[in-house]
Amino acid sequence: MSRAGSGTDSPTWVSTDGSAPTGWYAESGTAVGATCTSLLSSGDGTRTFRWSSGEHSTFAYHRVVNRVAGYIQVIATGSIQDGRYQGLPAISQGLGLQPDPLACAGGGVTRLTAPGTLTIGI
């Protein structure tokens, strides 16, 4: 699956081979104590994808964050714990620009966009 669109609140995921339904997820939160140089950190989490078929998939993952040449790379590896594709391994990879230093010095950064891919059954 690969992501289409650039919204961070409800990105759309589409099948690259046409065999899977399209889907989306919503994710938001507050990073307590985060700064522009420590916006994201490694850790564990879950994300629920909603598919056009009416089904869902709950992805449990461990996230690793790297900063490379002005970009933030987020790699989440894990497996589908519930729903469609249950038991299959999965990986989500995103790459976004690091926050603008001028915005960091001013009112702060309210959004980080990291377009990426989701692969299930790796």
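For the numbers below, each heavy atom of this structure counts, side chains included, while hydrogens, waters and symmetry mates do not.
The aromatic rings of W51 and F49 sit parallel to each other, their planes meeting at less than 30°, with 60° as the upper class boundary.
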Next item on the list: Run the numbers on Y61 and S92 for side-chain contact (heavy atoms from CB on, under 4.5 Å), then give the verdict.
Entry: CA-CA 9 Å; Y61 60 85; S92 173; over 6 Å; no

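Side-chain atoms of S52 come within 3.5 Å of backbone atoms of T22 as a donor-acceptor pair (strictly under, hydrogens ignored).
Cluster partners of L95 are Y71, L97, counting Ile, Leu, Val, Met, Phe, Trp and Tyr whose side-chain heavy atoms approach within less than 4.5 Å, directly or via other members.
Residues satisfying the side-chain contact (heavy atoms from CB on, under 4.5 Å) test with H56, not counting sequence neighbours, are T48, R50, T58, D82.
Of all heavy-atom pairs between R84 and S57, the closest is O-OG, 2.6 Å. The shortest heavy-atom contact between F59 and A76 is CZ-O, 3.6 Å.
Taking CD1 from I91 and CD1 from I120, the interatomic distance works out to 12.0 Å, rounded to the nearest 0.5 Å. Atom OG1 of residue T77 and atom CZ of residue R63 lie 11.5 Å apart, to the nearest 0.5 angstrom. Rounding to the nearest 0.5 Å places OG of S42 at 10.0 Å from CD1 of I75. Atoms CG and NE2, from D44 and H62 in turn, are 6.0 Å apart once rounded to the nearest 0.5 Å.
No hydrogens or angles considered: a donor-acceptor pair under 3.5 Å links the side chains of Q81 and S79.
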